[in-house]
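Below: one structure, written as C-alpha cells.
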Amino acid sequence: MRLLPKIALLLAVALVSVNAYPGHRWKHCQSAHFTLSYNETTAHLAKQALGIAEEIYATFRQRFGWKIDYRVSIALRDDGDYSNGAAYTLSPLVTIDCRKTKFDWRGETAWLRTALSHELAHHFTLKAMRIPLPIHVSIGTASQGLLTSTSAGIMHNPLPMWFVEGVAQWGSLEFRADTFDVYREMLLRDAWKSGRILTLKEMARFDGTSREYELVYNQGFDFLLFLRGRKPAGSLDSLCAWVMERGFKNGFRRWCGKSIEDAYASWRAFLDNRFDAFPVEPLAAQPLFGNRGALTYESSSPDNGTTVVANWAHDYPVFDLYRKDASGLLKRVVKDVGPWCVHDPFNGEAFFARKVYNYRAGAVQNDIYSIDVSGRARRHTRNARSMVYDAKNGLLAYGAYENGTTSIRIKKGESTSNVISFGPDTALYSLALWDQALIATLAPGSHLSLVRIEDGVATDLWPERKCDIFDGIPWNG
C-alpha cells in the first residue's frame, strides 16, 4: 500500500466582486450595489429581485449604518424542489433557490423578499463581525486509486449557529419580511412543553432531525428578540460592533450587560412564565403505529395503516414506504420516497414521489411513481417536479412545475391534460380529486387559501377566512 500525503495551505482574502455562476446559460444585470445572475428558469424574477435587494440595502444602511463600496453578487437558481438560500463567508455572494415550497415549521411569507433579506443580512452581519483572514488547511491521501481528504479551517471570531441565524432573522425582521409568527411560537411552546428546548451547547450547531435544526433558528430568533425588548439602547449594529471588537462572549456581555449563560437563563425563565399560563389539553387519540421513538415519525398513511410513509429506519427526514403483508406485518417496500402518499381504492395502487436525476436540468427533482398490490412499481411523470398529487377512480391529478409556473394536470391512462396554471407568486400545497372538480390549497403570496377548481377556474371557498387553510378533504357525507 502506498500513501501519498498532500498538504496545502491557502491564505484567502475577501473578493471585491464576483460574477456569480459565469457561463453561456447565465446572464447578468447590475444595480448600484448588486450584480444579479440568472438563467432561463429565473429570468422572470431578475428585475424584481434586483429591486428588492436595493430596498434591503437602503433599509440596512438607514437603520444600521452599514454600507459597501463594492457590488454583492446574487445568483437566482430554480433547479431544486425546495426553498433555500446561502450566503458565502469569504465572498460577497448570495444564492437563492427560488421555488416557493412549504415550510413545515414556519408560516407563509413573500419568499423572495424573505430569502433575500435573510441572506443579505448574513452578508452584512458577518462582515460587521469578522475580519476576512481565513486560513484553510487540507490533507489528502491516495491509496490504490482511492482518494480521501480531511480539511480544517481557522476563522476569525467563530460564532454559534443560533447567533448567526438569529441576527439574520433579526435583519430580515427590520426589513419587514420575516416575523416570529404563530407557527414558530407553536414549535417553541411544544419544545418547552415536551422538555426539548435546546441548551446553549445544542443551539451552537445543527444536529438531529429537521425539528432540532429549526429550533436553532427558532430559539436564536426568539432569544435575541427577548434581549432586544429588554435593552432599548441595544441594536443590531451595536451588537455586531461589540462582537467584532471583543469577540463573541465578551462582546455579547458588553452589549447585553450580562454573560451569555445568565442571559440564556433569564430567557428560559421568561419562557416558563410565557407558556405556563396556557392549559395543556391531553390528547385522547392513540398512536396508530405505537411509540417508535422521539426522532422517528409517520408522515402519511392514506388507507388506515395498510400503507405508511415513515422515517422508521432513520433518525432524520428520509422516508420509506411500508405496506402490510399477508400476515399483517408492515414491511418496507420502497426506499427513499417523498413524505406524502395517496391510495386509489379503484385499483389498489399507492402513489408516491421519488427524487430522480433530471439530465436536462442537471439536478435531482421529484417525479411520481406507484406500486400495486403485487408489488409492481411504475413511473407516471417525467421531469414534472411534482410535490402534491391525488389519485381516484383511475385518475391521477398532480402539480407540475417549470420556470416559475405551477400547473395542475390530470392523467388518465397515457393521456395527460392541463387544467390550470399559476404564476411564480403562487405555490400549490395540497390537491384532491372531488367528483368533476379539484380541491387545492394555494399560497398566493403570504397566506394559504382553499380553492375549488372547475372548468379551468379557481374559486376561493372561504374568501372571508381569518386563518390559513392547510388542506381540504372531499367528503360526500
_Going by the rule ring-ring contact (aromatic ring centres under 6.0 Å, His included), which residues pair with Tyr429 if we only count those two or more places apart in sequence or in a different chain?_
none
_Under 3.5 Å side-chain donor-acceptor pair for Tyr213 and Asp207_ = no
*Do you see a donor-acceptor pair shorter than 3.5 Å between the side chains of His28 and Ser37?*
yes
*CG of Leu198 to CH2 of Trp162: how many Å apart, nearest 0.5 Å?*
12.5 Å
Just distance, no hydrogens or angles: give the donor-acceptor pairs under 3.5 Å from side chains in residues 43-52, sequence neighbours left out.
none

*Modelled atom types, side-chain donor and acceptor of Thr41 and Asn39, under 3.5 Å*: yes
_Note, Ile197 side chain near Leu271 side chain (heavy atom, < 4.5 Å)_ = yes
*Sequence neighbours excluded, which residues qualify as side-chain contact (heavy atoms from CB on, under 4.5 Å) partners of Ala437?*
Arg452, Glu454
_Working note: Thr114 + Phe175, criterion side-chain contact (heavy atoms from CB on, under 4.5 Å); need CA distance, chi angles, decisive distance, verdict._
CA-CA 9 Å; Thr114 304; Phe175 184 61; over 6 Å; no
*Go through Tyr217 and Phe206 one step at a time and tell me if the ring-ring contact (aromatic ring centres under 6.0 Å, His included) criterion holds.*
CA-CA 10 Å; Tyr217 287 87; Phe206 288 119; 5.6 Å; yes
_Minimum-distance pair of heavy atoms, taken over all atoms of Ala397 and Leu438_ = CB-CD2, 3.8 Å
*asked:* Contact between Trp105 and Tyr183 at the side-chain level, heavy atoms closer than 4.5 Å - yes or no?
replied: no
*Sidechain-backbone polar pair: Tyr389 side chain, Ala432 backbone, donor-acceptor under 3.5 Å*: no
_For Ala115, give me all partners under side-chain contact (heavy atoms from CB on, under 4.5 Å), at least two apart in sequence or on another chain._
Ile96, Trp111
*Would you say the side chain of Phe124 lies within less than 4.5 Å of the side chain of Cys240, judging by non-hydrogen atoms?*
no
*Which distance, rounded to the nearest 0.5 Å, do you find between the CG of Asp425 and the NZ of Lys100?*
7.0 Å
*For residues Thr426 and Thr406, determine if any side-chain heavy atom of one lies less than 4.5 Å from a side-chain heavy atom of the other.*
no
*Under the side chain to side chain donor-acceptor pair (under 3.5 Å) rule, collect the residues that match up with Glu185, sequence neighbours excluded.*
Arg274
_Contacts of Asp190 that satisfy salt bridge (charged side-chain N to carboxylate O under 4.0 Å, His left out) - sequence neighbours left out_ = Arg211
*Evaluate the side chain to side chain donor-acceptor pair (under 3.5 Å) criterion for residues Asp272 and Trp192: first the C-alpha distance (whole Å), next the side-chain angles of each, then the deciding distance (0.1 Å), finally the verdict.*
CA-CA 8 Å; Asp272 291 341; Trp192 172 85; 2.7 Å; yes
*Kindly give the heavy-atom pair with the smallest separation between Leu159 and Met129, and that separation in Å.*
CD1-CE, 3.8 Å
*asked:* Tell me every residue that passes salt bridge (charged side-chain N to carboxylate O under 4.0 Å, His left out) with Glu54, counting only those two or more places apart in sequence or in another chain.
replied: none
_Could you work out, with salt bridge (charged side-chain N to carboxylate O under 4.0 Å, His left out) as the rule, every residue matching Arg99, not counting sequence neighbours?_
Asp81
_Could you check whether Arg230 makes a cation-pi contact with Phe270, meaning its NZ or CZ is under 6.0 Å from the centre of the six-membered ring and within 45° of the ring axis?_
yes
*Derivation and outcome, side chain to side chain donor-acceptor pair (under 3.5 Å), residues Ser235 and Asp237*: CA-CA 6 Å; Ser235 62; Asp237 55 316; 2.4 Å; yes
*asked:* Looking at every heavy atom in both Cys98 and Asp78, which two are closest together, and how far apart are they?
replied: C-OD1, 4.3 Å
*Could you tell me whether Arg292 sits above the aromatic face of Trp312, with NZ or CZ closer than 6.0 angstrom to the six-membered ring centre and within 45 degrees of the axis?*
yes
*Residues Trp267 and Gln219: side-chain donor-acceptor under 3.5 angstrom*: no
*Do you know which two heavy atoms are closest between Ala177 and Ser117, and how far apart they sit?*
CB-OG, 3.4 Å
_According to side chain to side chain donor-acceptor pair (under 3.5 Å), who are the partners of Ser386, at least two apart in sequence or on a separate chain?_
none
_Residue pair Cys256 / Leu227: nearest heavy atoms and the distance that separates them_ = SG-CD2, 4.0 Å
*Pair Glu402-Arg385, salt bridge (Lys or Arg N to Asp or Glu O under 4.0 Å): steps then yes or no*: CA-CA 8 Å; Glu402 185 176 17; Arg385 303 182 63 179; over 6 Å; no
*Taking the six-membered ring for Trp, is the centroid-to-centroid distance between Phe351 and His380 below 6.0 Å?*
yes
_Looking only at the side chains, is there a donor atom on one of Ser83 and Thr101 sitting less than 3.5 Å from an acceptor on the other?_
yes
*Can you establish whether the number of heavy atoms outside Tyr359 located under 6.0 Å from its atom OH is more than 12?*
no
*Do Phe103 and Tyr82 pass the side-chain contact (heavy atoms from CB on, under 4.5 Å) test, and can you show the C-alpha distance, the side-chain angles, and the key distance before you say yes or no?*
CA-CA 9 Å; Phe103 276 96; Tyr82 48 81; over 6 Å; no
*Under the salt bridge (Lys or Arg N to Asp or Glu O under 4.0 Å) criterion, do Arg196 and Glu212 qualify, and how do the steps go?*
CA-CA 9 Å; Arg196 296 172 69 178; Glu212 283 70 40; 3.1 Å; yes
*So, Phe221 versus Phe223, ring centres under 6.0 angstrom or not?*
no
*asked:* I'd like to know if the side chain of Arg113 reaches the main chain of Ser172, judged simply by a donor and an acceptor atom lying under 3.5 Å from each other, with no hydrogens or angles considered.
replied: no
_Sequence neighbours excluded, every pair satisfying salt bridge (Lys or Arg N to Asp or Glu O under 4.0 Å) that has a member inside residues 251-267_ = Lys249-Glu261
*What do you reckon, are the aromatic ring centroids of Phe422 and Tyr401 less than 6.0 Å apart?*
no
*For Tyr57 and Leu120, indicate whether the former's side chain and the latter's backbone hold a donor-acceptor pair under 3.5 Å.*
no
*Check: Leu428 and Leu442 side chains under 4.5 Å, non-hydrogen atoms*: yes
*Determine whether Ser73 and Phe34 make a side-chain contact, defined as any pair of heavy atoms from C-beta on separated by less than 4.5 Å.*
no
*Do Glu174 and Arg228 meet the salt-bridge criterion of a basic N to acidic O distance under 4.0 Å?*
yes
_Which residues pass the side chain to side chain donor-acceptor pair (under 3.5 Å) test with Asp178, not counting sequence neighbours?_
Arg184
*Sequence neighbours left out, what passes salt bridge (charged side-chain N to carboxylate O under 4.0 Å, His left out) with Glu202? Give chain and number order.*
none
*Please examine the side chains of Lys355 and Gln365, heavy atoms only from C-beta on, and report whether any two atoms are closer than 4.5 Å.*
no
*Report yes if some heavy atom in the side chain of Met387 is under 4.5 Å from a heavy atom in the side chain of Lys102; otherwise report no.*
no
*Quick one: do Glu214 and Arg106 satisfy side-chain contact (heavy atoms from CB on, under 4.5 Å)? Show the steps, please.*
CA-CA 9 Å; Glu214 180 61 23; Arg106 304 183 194 180; 2.8 Å; yes
*Tell me yes or no: between the side chains of Asp367 and Thr381, is some donor less than 3.5 Å from an acceptor?*
yes
*Can you name the closest pair of heavy atoms from Ile453 and Ala458 and give their distance?*
CG1-CB, 4.0 Å
